[in-house]
There are 2 protein chains.
Amino acid sequence: MNDPRVTIRDVARAAGVSPAAVSKVLNDGYGVSAAMREKVMHAIAELGYRPNVTARAMRGRSHTVGVVADIRAPIVAQVVEGVQEGLRDSSLDVLLAPVGDAPERQRASIDTMINRNVEGLILIAPTLPYTALNTLGQSIPTVLIGRHGGGRHFDSVMDDDAAGAGLAVEHLAGLGHRRISHITMPTGRLRRPSVLPQTAREDGYVAAMRDHALEPDVITTDFTEEGGYAGALTALRRREPATAIFAGTDTVALGVLRAAHELGLRVPQDLSVVGADNIPVSALPQISLTTIDPAGKLNGSTSARLLRERIDGRLNPVTYAIAPSLVVRGTTAPSGSDR
Amino acid sequence: MNDPRVTIRDVARAAGVSPAAVSKVLNDGYGVSAAMREKVMHAIAELGYRPNVTARAMRGRSHTVGVVADIRAPIVAQVVEGVQEGLRDSSLDVLLAPVGDAPERQRASIDTMINRNVEGLILIAPTLPYTALNTLGQSIPTVLIGRHGGGRHFDSVMDDDAAGAGLAVEHLAGLGHRRISHITMPTGRLRRPSVLPQTAREDGYVAAMRDHALEPDVITTDFTEEGGYAGALTALRRREPATAIFAGTDTVALGVLRAAHELGLRVPQDLSVVGADNIPVSALPQISLTTIDPAGKLNGSTSARLLRERIDGRLNPVTYAIAPSLVVRGTTAPSGSDR
DNA sequence: GGCAGAATGTAAAACGGTCCACAGCTCTCC
DNA sequence: GGAGAGCTGTGGACCGTTTTACATTCTGCC
C-alpha cells in the first residue's frame with residue numbers, strides 16, 4: 001500500500017537471491033530448494049510484496065477473468081458469487097465490466113477486457129449475434145451464461161429453460177388449469193437455437209401445452225412490470241379468459257398480479273400466476289410468487305470450471321444445461337378453487 | 001479481436017513512421033504534423049489497432065478506475081451508471097471488483113485493483129475502518145460513496161442522510177403523527193462521525209423528533225426483511241403503539257408492512273410507513289412505499305468528477321452531501337385517518 | 001547565404017515481471 | 001578420480017508502450 005511499490009528486485013535483494021529465483025518461487029517453478037523458498041517467502045512477507053499484475057500480464061498471464069454483465073439484473077450477483085467460488089483456489093481474480101442495454105456497450109466492455117489481456121471471458125446473457133461470439137471465442141477462452149444453442153468456439157452454461165417452462169405448465173395443469181397463457185418478449189434479432197432464456201421458455205411452454213393436449217396462448221409484450229400488466233389484460237379479457245398465467249419473468253409476473261388486482265380477481269383463487277427467475281422480491285411474504293428458480297450460483301461456479309479447462313487448453317465446446325426447480329409459493333392454487 | 005494482436009510497431013511500419021511517433025499521436029503529444037497524424041490515424045483504422053492497456057499501465061497510466069462495491073445492493077447499478085457517465089469523455093474505463101459482506105473481501109478487492117495499477121478508486125459504502133481508508137487515500141486517489149464524516153486523504157460523496165431522515169419525520173409529523181418509531185441497525189465498529197448511512201439517519205431522526213418536541217423511539221435490529229418484521233412487532237406492541245414507523249431501509253420497511261398486515265393493521269389508515277433507499281420494489285403498485293430517494297446516479301457522476309480532479313493532482317479533501325428527496329407514495333396518510 | 005531557433009521525428013531506455021539458456025555444484029557410478 | 005547426470009540458481013532478453021534526449025529539417029531574418 002505504501003509508495004513506492006515494492007518490486008520483485010527489492011525482494012530478491014532482501015532475500016539475497018536473483019529476481020528470477022523469486023519469480024520461480026511465486027510460480028512454483030521447477031528447481032527451487034526448500035531453503036530458498038523459505039528465504040524468499042520470508043522476504044515477501046517482510047516487505048509486504050505483491051506482484052504487479054500489469055507487468056505479469058505482459059508476459060502472458062494476467063491472472064484475471066473478465067465478467068461482462070448487466071448488473072441491474074438481480075441474478076448477476078449470485079452468478080458472480082458462483083464464479084468467484086469456482087476460482088477461489090486458482091490465483092485468478094474476477095473483474096466485472098458493467099454494461100447496460102445497448103449492444104455496442106457490450107462490445108465496448110468486451111474490448112475493455114481484451115485490452116487488459118484477461119485470460120478468459122464470462123458473458124452473462126449477451127445479446128451479440130452468434131457469429132460475433134464465435135469469432136470472439138476463437139481469440140480468447142469464452143463461456144456464455146444464459147445463451148441457448150451452444151457454439152463451436154465457446155462453452156455454454158444455461159438453465160434448461162424449456163424444461164423449466166415444462167415444470168410450470170405441469171404444475172398448473174396438475175392443478176386442473178386448462179387455459180394457461182404465457183407472456184413473453186420479442187426475440188430481438190436472435191434466431192433459434194441461439195437465443196436468450198425467454199425464447200427457450202416460450203418453446204418449452206408450447207411443447208408442454210401440446211403434451212397436455214392444451215392450446216398454447218402466447219402473448220408478446222416486453223419484460224417490464226408494465227409489459228406484464230398489459231399482457232395480463234389481454235389474457236384476461238378474452239372471451240374465455242385464462243385461469244392461469246405463466247409469466248416469462250418475475251418482473252412480468254408482478255405486472256400480472258397488479259392487473260389481476262385491478263380487475264378484482266383474487267390470486268390464487270381466481271387466477272394462478274407463475275413467474276421465472278426467483279428474484280428477491282418474489283420471496284417476500286406480500287408477493288409470495290410461485291416461480292422457477294434459476295440456480296444462479298451453480299451457473300457461476302460451473303462457468304468458472306469450464307473456463308479454467310478452456311484456459312488450460314481444451315478446445316472442443318461444452319454445453320451445460322442446469323435443471324431448474326419450481327418454487328411453489330402462494331400464487332398458485334387448483335383451478336376454480338375457493339380455499 | 002484477431003490473433004496475434006496488432007502492436008504499435010505494426011502501426012508504425014504500416015504508416016512508415018517510428019513507434020514513438022504513433023505513441024505521440026495517440027497521446028496528442030507535442031510536435032506532430034498534420035500529415036503524420038493523418039498517416040498514423042489511417043494505419044490505426046486500417047489495422048484495427050487498440051493499445052494494450054497492460055503495457056500502457058507499466059508506464060504510469062492504466063486508463064482504469066476501480067469501483068469496489070457489493071453488487072447485491074440495487075443502488076450500485078445506478079451509482080455505477082453515474083460513474084460511467086462522469087468518465088465518458090476521459091479515456092478512463094470502469095472496472096468493478098465485486099465484494100460480499102466480509103470486510104476482508106473488501107481489502108482483497110481493493111488490493112486486486114491496486115495490483116492492476118488503477119489510477120483511482122471509488123468505494124461504495126466501505127466498512128473498513130477510518131484509518132485504513134485514510135492510509136489508502138495517501139497512496140492512491142480515492143473517493144468514498146455513502147460514508148459519512150469525510151477524511152484527510154480522500155473525497156467523500158454521500159446523501160445527506162440526516163436531512164433525509166428529517167424529511168421523513170417532517171412529513172409524518174405534518175400528517176399529525178406523534179408516536180413515530182425508527183428501526184435501525186447496529187453500527188458495527190464504526191464510530192461517529194465516520195459512519196454509514198443508517199447511523200446518520202438515526203441521528204437525523206432523533207434530532208428532527210426533538211425539533212418537533214416529540215420523543216424519539218429507536219429500535220435496533222438488523223437490515224433484513226426479518227429485522228423489519230421483528231422491529232415493527234416491538235414498536236406496535238408497546239402500551240402506546242407507534243402510529244408511524246420510519247424504517248432505516250426499504251427492505252426493513254417491507255418487513256414492517258408484513259408485521260402490520262399480520263396484526264390486522266391497515267396501511268396507511270392505521271399505520272404509516274416510510275422507508276429509505278427507493279429500491280425498485282418500492283415503486284411497484286402492490287407496495288407503493290413512501291421513501292427517501294438517494295439519487296444514486298448523481299452520487300456516481302459526482303464521484304467521477306472528484307476522482308478526476310484528484311487524479312489530476314488535487315490533494316485537499318472535498319466532501320459532497322447530496323440533498324435527498326422524499327417520494328410520497330401510498331404508505332403514508334394523516335394520523336387517525338380513515339380515508 | 002548563413003545562422004539561430006523552432007518544429008518535427010527518432011533511437012533507446014525504462015516500467016516490472018517471466019522464462020530460456022546456461023553455469024556451477026553435488027552426487028553417482030564405474 | 002573423472003565423466004556424466006541431475007539439481008539449483010542466475011543473467012539477460014523480452015513483452016508493448018511511453019518518454020527523454022537528441023538528431024534532423026525547416027523557417028525567418030539579418
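The sequence lines fix the lettering, A, B, ..., with proteins before strands; numbering per chain opens at 1.
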Nearest-Å distance, CZ (B:R50) to P (D:dG16)?
14 Å

Base, sugar-phosphate, or nothing: which does B:V22 touch, judged by heavy atoms less than 4.0 Å apart?
nothing

Any side-chain N or O of B:S33 less than 4.0 Å from the OP1 or OP2 oxygen of C:dG9?
yes

Map B:M36 and A:I8 onto DNA chain C by nearest heavy atom, then report which one ends up closer to the 5' terminus.
B:M36

Contact check, side chains of A:R147 and A:M158, non-hydrogen atoms, under 4.5 Å
no

Between the base of C:dC19 and the side chain of A:R59, is there a donor-acceptor distance below 3.5 Å?
no

CD1 of B:I44 versus C1' of D:dT17: gap in Å, rounded?
13 Å

Salt bridge check: are A:R5 and A:D10 linked by an N-O gap of less than 4.0 Å?
no

Can you identify which nucleotide, out of C:dC19, C:dG17, D:dT17, has its nearest atom closest to the A:A20 side chain?
C:dC19

Which nucleotide wins on minimum distance to the side chain of B:R56, given the candidates D:dT19, D:dT17, C:dG16?
D:dT17

Taking NZ, NE, NH1 and NH2 as the nitrogens, is one of them in B:R305 or B:D155 under 4.0 Å from a carboxylate oxygen of the other?
no

Rounded to whole angstrom units, what separation is found between the CG atom of B:N27 and the C1' atom of D:dT17?
9 Å

Between B:D111 and B:R116 (salt bridge meaning N to carboxylate O under 4.0 Å), is one present in this structure?
no

Given atom CG of B:N115 and atom C1' of C:dG16, what is their separation to the nearest angstrom?
13 Å

Take the protein atom CZ of A:R13 and the nucleotide atom C1' of C:dG16, then report the distance between them rounded to whole Å.
13 Å

Separation of atom CG in B:L26 from atom P in D:dT18, rounded to whole Å
6 Å

Between C1' on C:dG9 and CZ on B:R37, what's the gap in Å once rounded to a whole number?
14 Å

Closest of C:dG17, C:dT18, D:dG16 to the A:S23 side chain is C:dT18

Which nucleotide in the set D:dG16, D:dT18, C:dG9 lies at the smallest distance from any side-chain heavy atom of B:K24?
C:dG9

Ranking D:dT10, D:dG16, C:dA11 by distance to the side chain of A:M58, first place goes to D:dG16

Counting the atoms with a prime plus P, OP1 and OP2 as sugar-phosphate, which does B:R61 contact under 4.0 Å by heavy atoms, base, sugar-phosphate, or nothing?
nothing

Proximal nucleotide (of C:dG17, C:dA11, D:dG12) relative to the A:Y49 side chain:
C:dG17

May I have the distance from A:R116 (atom CZ) to D:dG16 (atom C1'), rounded to whole angstrom?
15 Å

Are A:I110 and A:L136 packed together at the side-chain level, in the sense that at least one heavy-atom pair is separated by less than 4.5 angstrom?
yes

